[in-house]
Structure formats: C-alpha cells, structure tokens
**Q** 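One structure, pasted below without further comment.
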Protein chains: 2
Amino acid sequence: MANIQDVAKKAGVSVATVSRVLNNHSSVTEKTRIKVEKVISELSYEPSMLGRNLRTSESKLLLVLLPSVSNPYYTEIINGIEETAIRNGYNILLCETDSNPERESRYFSLVKNRMADGIISMDPAVNKERLFELAKTYPIVQCSEYDKGADIPFVTINSELAAYHAVKHLIKLGHKKIALLTSDEQFLYARERRLGYERALREFDIEVNKQRIYYAGNIGFENGQQGMRSLLELDDRPTAVFAVSDILAIGALKEINSNGLRVPNDIAIVGFDKISFSNMTYPTLTTIAQPMYRMGSMSATMLINKIQGKHVESIVMDHELVIREST
Amino acid sequence: MANIQDVAKKAGVSVATVSRVLNNHSSVTEKTRIKVEKVISELSYEPSMLGRNLRTSESKLLLVLLPSVSNPYYTEIINGIEETAIRNGYNILLCETDSNPERESRYFSLVKNRMADGIISMDPAVNKERLFELAKTYPIVQCSEYDKGADIPFVTINSELAAYHAVKHLIKLGHKKIALLTSDEQFLYARERRLGYERALREFDIEVNKQRIYYAGNIGFENGQQGMRSLLELDDRPTAVFAVSDILAIGALKEINSNGLRVPNDIAIVGFDKISFSNMTYPTLTTIAQPMYRMGSMSATMLINKIQGKHVESIVMDHELVIREST
DNA sequence: TTGAAAGCGCTAACAA
DNA sequence: TTGTTAGCGCTTTCAA
C-alpha cells in the first residue's frame with residue numbers, strides 16, 4: 001500500500017506538497033496539483049488517518065453513549081447525530097452501556113485514550129459523578145436526559161409541560177379517572193412527567209389519587225402490561241392512562257386488549273416519544289412527539305463546537321401532541 | 001496530559017520499559033513494574049491509542065454496515081457483534097447506509113484509510129461489485145445477506161428451509177389458501193423464501209396461485225398494510241398469510257384488524273425474524289426465529305480471525321419456528 | 001532485564 | 001509556491 005512518500009517520490013515533489021494537495025491548500029499551483037493527483041490515482045493512494053490523527057491529536061470520532069440500540073426511542077436521534085457528524089467530517093462510535101458500569105467505564109476510556117474526541121451521553125443510568133468528572137477534561141454534551149446544575153450543555157424538551165399537555169388532552173375529552181404509568185423516579189424525566197400530570201389534574205380540580213399512579217421498576221413492554229394489570233384491578237377503574245413512554249403504553253394497550261376491553265372506548269391511552277411502532281399498533285397511539293432528529297443533530301453540532309473550543313449553550317426544544325386513534 | 005515520555009522520565013526508566021509495562025511484557029521485573037505503575041497512577045497517565053495505532057497499523061475498529069439502525073431486525077445481531085468485539089479488544093463503528101451509495105462509499109473509505117480494520121456487511125442493498133473488489137484487499141464478512149460464489153465468508157440461515165417450515169405449519173393447521181407477502185426479489189432472501197413457500201405447497205398438492213403472491217416494493221410497515229389490502233380484495237380471499245418479515249406481517253395484521261377481521265380465526269399470519277415487537281402485537285405473532293445474537297457474535301469472531309490472517313469458513317445456522325397466537 | 005534509537009504516516013513551522 | 005525537517009506517542013529491534 002502506497003504512502004505519502006511514494007506519492008511524493010513518483011510525482012517528483014515533497015511530501016509537504018502532497019499533504020497540501022490532500023488538504024486542499026490554496027497555495028499549490030494548478031499544475032503541481034494535477035501532477036500529484038495523477039500519481040495519487042495511479043498508485044491508488046489512500047491517505048492513512050492513523051498518521052493524520054496522531055499528528056493532529058484527534059480521532060474525528062464522536063462517542064455516542066446509550067443504554068441500548070434496541071430501544072427505538074434512540075433511532076431517530078442517532079440518525080440526526082450521524083448525519084451532522086458526517087457533514088462535519090466526523091464518524092460516530094455507537095456505544096451500548098446496557099446500564100452496565102463496567103462497559104460504561106470502558107467507553108469512557110475511549111475518550112481518555114484519544115480514540116474519541118468527545119461524548120454525547122443519552123444514558124439516563126449513566127454514573128453522574130464520573131460523567132461530571134470526565135466533563136472537566138473532555139468535551140461532553142447530554143441529549144434528552146440531563147442534569148440541572150451540572151456544567152454539561154444539554155439538549156432536551158420540557159417534559160413537565162409535555163406531560164401536562166398530554167393529560168390536559170385526556171381531561172378535555174371528559175376523562176376524570178386518569179392513571180399514570182411511569183417509571184422509577186431516579187430518572188429526571190419520570191419526576192418531571194409526574195409533576196406535569198399532577199399539575200393538569202389540579203388545574204381542573206381533579207384529585208391526585210396515589211392508587212392511580214403505577215411506578216414500573218423497569219421500562220420494558222412487560223412492565224407496561226404488568227402496570228396495566230394492576231390498574232385494571234382497582235375497584236374504581238381508570239378510564240384513561242397516560243404512560244411516560246410508548247413502550248409502556250404499548251404494554252398497557254396489549255393488556256387492555258387481552259382483557260376484552262376496547263381502546264379508546266373503555267380506556268383511552270396516551271404514550272410518549274412517538275416511536276415508529278406507535279403507528280403500527282391497533283389502534284394507533286396518541287403520543288407526544290419529540291423532535292428527535294433535530295435533537296440529535298443539535299447535540300452533534302454542540303459537541304463539535306465544544307471540541308473546537310467554542311462556547312456552547314443548552315437548549316430546550318418543542319414537543320407536539322400527536323392525536324391518533326387511542327384517544 | 002502526560003505522555004509516555006513523562007512517565008519514563010519521572011519513573012527513571014526508558015519509554016521502552018513503560019511500553020512493556022503497558023503491554024504486560026513478562027520481561028519486566030516486579031520492582032520496575034511497580035515503580036512504573038505508581039508513576040502512571042500519579043500522573044493519571046492514559047496511553048494514546050493514536051500513537052499505538054499508527055505504530056501497529058491498526059485501528060482496533062470494526063465497521064458494521066447496515067441499512068438502518070431503526071430496523072429492529074439488526075439489534076440483537078449488533079449486540080452479538082459488539083460483545084464479541086469488545087472481548088477481543090475491538091470497538092465497532094456502526095454505519096447506516098440508508099441504501100445510499102454515496103454514504104456506502106464514504107464508509108468503504110474508512111477501511112481504506114485504516115480507520116477500520118475490517119467490515120461486517122449486513123446491507124442487502126450493498127453494491128456487490130464494489131464489495132467484492134474491496135474484499136480482495138481488506139477483511140470482510142457478510143452476515144444474514146450473502147452472495148453465492150463470492151469469495152467472502154458469510155453467516156446466514158437456510159431461508160428456503162425456514163420458509164418451508166413456516167408454510168408447512170400453516171398447511172398442517174388446515175390452511176390451503178395461503179398467501180405470500182414478500183419483498184422485491186433483487187434480494188436473495190426473498191427469492192429463497194418464495195422457493196420454500198412453493199415447495200411446501202407443492203408437497204401437499206396445493207396449487208401455487210400467482211394472485212396470492214404480493215411483492216412489496218419496499219420492506220416497511222406500510223408495505224405490509226398495502227399488500228394485505230390487495231390480498232383482501234381477492235375474490236377468493238386467503239385464509240393464511242406468510243410474510244417474509246415481521247414488519248410486513250405486522251402491517252398485514254393491522255390491515256386485517258382494521259377491516260374488522262380476526263387473527264387467527266379469519267386469517268392466520270406467520271412472520272419472519274422474531275423482532276421484539278412481534279411479541280407486543282395483539283395477537284402475538286407466530287414467526288421464524290433466527291439465532292441473531294449468535295450470528296452477530298460469529299460474524300465478529302470470523303472477521304477478527306480474518307484480520308489476523310487466519311482462514312475462515314462460511315456457516316449456516318439453525319432457525320426455529322416460534323408458534324404464538326397468530327396461528 | 002533494560003535502554004537507545006528507528007520509524008509508523010502524516011502535518012505544519014520555517015526557510016528558501 | 002515549494003521543500004526541509006521536526007515531531008505527534010507509541011512499539012519494537014538490537015545491543016548492552
């Protein structure tokens with residue numbers, strides 16, 4: 001495999017000139033450029049990023065940290081990140097933590113070892129302490145999940161307000177017995193969405209009934225089923241459910257169907273996230289849409305700016321209630 | 001940030017010795033090793049992979065090429081690849097082609113530029129010609145999709161046999177009017193699954209009725225809906241459908257539900273892939289399970305062996321019919 | 001067991 | 001506009 005020396009020799013120029021051609025420096029004459037390009041093509045020369053990276057002390061790789069690629073919530077965000085990364089000459093290293101601290105720590109090493117130039121963290125279960133520590137030395141931004149007061153720029157939506165909108169929509173439809181299907185409150189988004197839920201109820205003088213709040217231990221489909229099962233067993237059954245994620249909502253939907261009840265006639269459902277599958281259920285799911293693609297794209301832009309030493313501000317994006325068949 | 005020189009100086013040894021400590025060479029005395037490790041920890045030294053990579057001419061990155069991360073078919077395979085990669089000191093570069101040749105070519109450059117040590121290709125729409133050409137110079141393996149006669153090792157299942165099993169299952173349930181919901185036959189898997197479908201029918205003396213075969217232009221959920229719609233319009237409506245992917249099957253399921261028909265009473269459905277959602281539908285989907293995780297894991301092992309210059313053989317893995325509520 | 005030194009392939013400062 | 005040269009951080013050969 002040819003290297004820059006071979007090209008220089010064969011073209012009768014110095015390696016510096018070849019490098020200039022490779023990097024489109026304006027100082028090279030047309031004639032020299034043509035000559036060098038001809039040799040490059042003759043030798044099928046491909047510049048080694050390994051050499052360039054060592055020299056420039058960068059890897060042009062962005063590390064994207066997420067709990068699991070199988071969670072459809074992340075797919076559009078990833079698309080946004082990747083598109084923007086590529087447009088700026090970066091590639092992404094998609095890293096699944098599986099909420100496993102050992103894996104997380106291995107991925108953190110990647111940036112310490114210069115294999116990645118920065119991190120976009122989307123893992124709600126990330127070890128905050130270590131993330132904050134790392135952020136002192138390396139460029140990091142958070143996407144979706146974030147931490148108030150931490151000195152890490154983030155991109156997110158207003159979860160409290162979005163939940164408020166979702167629940168208000170159910171109230172406007174005449175529902176009073178509205179259940180909340182949420183997840184462990186160690187996650188900020190769960191706390192905020194509960195607050196939005198409670199605010200909407202209070203605003204319409206509906207009592208917040210603790211029995212109607214189900215805290216799922218995990219965020220899987222089965223947890224949605226299980227939560228719905230226990231809500232259905234209540235003496236005073238709810239007529240509507242607000243789930244803090246589509247996956248939970250889809251679990252609830254299946255449980256309702258399995259009990260011979262109809263959605264939305266017997267029970268209405270609102271989900272959260274607008275994952276692609278929320279459109280494939282029967283009935284389709286009313287849900288809160290986050291501007292996933294733009295969130296990803298914005299995180300990438302922010303991270304790249306941060307890598308380049310620019311100052312970066314956090315940003316809160318808009319959400320949208322998408323009304324479909326389940327309400 | 002400290003480098004290997006700083007460590008050497010402070011420890012009073014040469015950089016060679018520090019390097020030996022880093023790479024666990026046995027020739028270092030316990031005493032020296034302790035001394036060096038102490039300094040490493042004092043300086044919070046982290047070795048730069050950039051320097052190491054240039055020196056060893058490898059990136060320790062595997063490029064994984066797939067059409068889209070949002071296709072749940074790939075998620076378990078990716079898990080298998082990643083786990084195996086990490087265990088062998090590699091990381092993966094997940095690359096979405098979106099079936100876009102320009103993107104594909106940019107990813108191919110990554111391996112030409114030494115940014116990746118090899119490729120696992122899972123994209124059925126990959127440009128065969130260029131892939132074969134690339135495979136002459138760089139380590140490549142194919143997963144799921146493969147090419148007969150090409151000199152590229154692959155991991156796959158026997159699609160023809162799996163389809164045969166799926167259709168035979170429907171026949172055993174008493175179905176005679178069995179439709180096939182398939183995709184464009186430019187893909188090998190579609191051709192093979194049709195052959196399996198036809199073989200099962202012929203074996204039980206059921207005529208292959210061209211009208212009952214729907215070729216979807218694309219592999220999305222909507223294509224499944226649309227295909228089912230046109231199958232429902234047939235004068236002699238099928239009583240069962242075999243879809244070559246779960247996503248198509250889920251589209252079909254929704255269309256059937258929307259027409260007030262019941263699954264499996266009015267129409268039975270078998271899918272293919274056992275994606276996680278196939279368990280979340282109402283009713284749950286009978287489907288063909290591929291050993292996704294093992295396929296991913298095996299591809300990674302094969303690729304790493306290939307990178308290390310070992311000889312690698314292709315492998316055909318087992319599948320399994322998973323009978324659930326839709327039949 | 002350890003050290004000196006070369007060199008992986010490239011970029012960029014400086015000189016011409 | 002082009003060339004010379006140092007050096008990015010590491011591994012490895014050879015010699016001691």
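Throughout, a chain's letter reflects where its sequence line sits, starting with A, and its residues are numbered from 1. Please read these numbers as outputs of a predicted model, since none were measured by experiment.
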**Q** Once you apply a heavy-atom cut-off of 4.0 Å, does B:S48 come out as touching a base, just sugar-phosphate, or nothing?
**A**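 Result for B:S48 = sugar-phosphate.
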
**Q** More than 12 non-hydrogen atoms from neighbouring residues, nucleotides or ligands closer than 6.0 Å to NZ on A:K38, yes or no?
**A**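 12 or below, so no.
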
**Q** Without hydrogens or angle criteria, can the side chains of A:Y189 and A:S183 be said to hold a donor-acceptor pair below 3.5 Å?
**A**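 On atom types as modelled, these side chains qualify, holding a pair under 3.5 Å.
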
**Q** Can you tell which of D:dG3, C:dT1, D:dT11 lies closest to the side chain of B:R52?
**A**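 Between D:dG3, C:dT1, D:dT11, the one nearest the side chain of B:R52 would be D:dT11.
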
**Q** Rounded to whole Å, how long is the line connecting atom CG of A:N3 with atom C1' of C:dT11?
**A**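 A:N3 atom CG is separated from C:dT11 atom C1' by 14 Å.
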
**Q** Can you confirm whether more than 12 heavy atoms, excluding those of B:I40, are under 6.0 Å from its CD1 atom?
**A**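 Yes, because the 6.0 Å sphere around CD1 of B:I40 holds more than 12 heavy atoms from other groups.
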
**Q** A:K9 has an atom NZ; how far is it from atom C1' of C:dG9, in whole Å?
**A**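 Atom-to-atom, A:K9 to C:dG9, this comes out as 14 Å.
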
**Q** More than 12 heavy atoms of other residues, nucleotides or ligands under 6.0 Å from CD of A:E102: yes or no?
**A**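 For A:E102, atom CD is not crowded (no more than 12 foreign heavy atoms under 6.0 Å).
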
**Q** To the nearest angstrom, how far is B:H25 atom NE2 from D:dT11 atom C1'?
**A**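 Going from B:H25 (NE2) to D:dT11 (C1'), I get 8 Å.
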
**Q** Select base, sugar-phosphate, or nothing to describe what B:V18 touches, counting heavy atoms under 4.0 Å on all strands.
**A**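 Nothing: the residue B:V18, judged by heavy atoms under 4.0 Å, touches no strand.
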
**Q** Name the closest nucleotide to the B:T56 side chain, picking from D:dA6, C:dA4, D:dT11.
**A**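 The nucleotide sitting nearest to the side chain is D:dT11.
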
**Q** Using atom CG of A:D6 as one end and atom P of C:dG7 as the other, report the distance to the nearest whole Å.
**A**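 The distance from CG of A:D6 to P of C:dG7 comes to 15 Å, rounded to the nearest Å.
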
**Q** Quick one: is B:N23 getting a side-chain N or O under 4.0 Å of the D:dT11 phosphate, OP1 or OP2?
**A**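 Looking at the OP1 and OP2 atoms of D:dT11, one of them is under 4.0 Å from a side-chain N or O of B:N23.
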
**Q** Describe the nucleic acid contact of B:R20 in one word from base, sugar-phosphate, nothing, applying a heavy-atom distance below 4.0 Å.
**A**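 Answer is base: heavy atoms of B:R20 come under 4.0 Å of a base.
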
**Q** Go nucleotide by nucleotide along DNA chain D from the 5' end; which of B:G51 and B:A16 gets its closest nucleotide reached first?
**A**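 Comparing both residues, the 5'-ward one is B:G51.
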
**Q** Please work out if B:S27 contacts a base, only the sugar-phosphate, or nothing of the nucleic acid, heavy-atom cut-off 4.0 Å.
**A**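 Touches a base.
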
**Q** Looking for any heavy atom pair under 4.0 Å, which part of the strands does B:N53 touch: base, sugar-phosphate only, or nothing?
**A**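 Answer is nothing: B:N53 stays at 4.0 Å or more from every strand.
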
**Q** Touch check for B:L54, heavy atoms < 4.0 angstrom, all strands: base, sugar-phosphate only, or nothing?
**A**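 Answer is base: heavy atoms of B:L54 come under 4.0 Å of a base.
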
**Q** Would you say A:T32 places a side-chain N or O within less than 4.0 Å of OP1 or OP2 belonging to D:dT2?
**A**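 Checking A:T32 against D:dT2: at least one side-chain N or O falls below 4.0 Å of OP1 or OP2.
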
**Q** So what does A:T17 touch, heavy atoms closer than 4.0 Å: a base, only the sugar-phosphate, or nothing?
**A**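 Answer is sugar-phosphate: A:T17 comes under 4.0 Å of backbone atoms only.
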
**Q** Rounded to the nearest angstrom, tell me the gap between atom CZ in A:R114 and atom P in C:dC10.
**A**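 Whole-Å distance recorded here is 22 Å.
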
**Q** Please tell me if the side chains of B:L63 and B:I120 come closer than 4.5 Å, counting only heavy atoms from C-beta onward.
**A**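 Not touching, per the 4.5 Å side-chain cut-off.
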
**Q** Should A:L131 and A:Q142 count as side-chain neighbours, where that means a heavy-atom distance under 4.5 Å?
**A**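 Answer yes - side chains close enough.
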
**Q** Where the side chain of B:I4 is concerned, which of D:dC10, C:dT2, D:dT2 is the nearest nucleotide?
**A**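 Of the candidates, D:dC10 comes closest.
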
**Q** Could you state the CD-C1' distance from B:Q5 to C:dA4, rounded to the nearest angstrom?
**A**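 After rounding, the reported distance stands at 12 Å.
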
**Q** C:dG3, D:dG9, D:dA6: which one has an atom nearest the side-chain heavy atoms of A:R55?
**A**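 Output: D:dA6.
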
**Q** How many Å lie between NZ on A:K60 and P on C:dG9, as a whole number?
**A**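 It works out to 22 Å between those atoms.
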
**Q** Rounded to the Å, how far apart are B:L22 CG and D:dT11 C1'?
**A**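 Computing the B:L22:CG to D:dT11:C1' distance gives 10 Å.
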
**Q** Return no unless some side-chain N or O of B:S57 is found under 4.0 Å from OP1 or OP2 of C:dG9.
**A**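 Checking C:dG9 against B:S57, no side-chain N or O comes under 4.0 Å of OP1 or OP2.
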
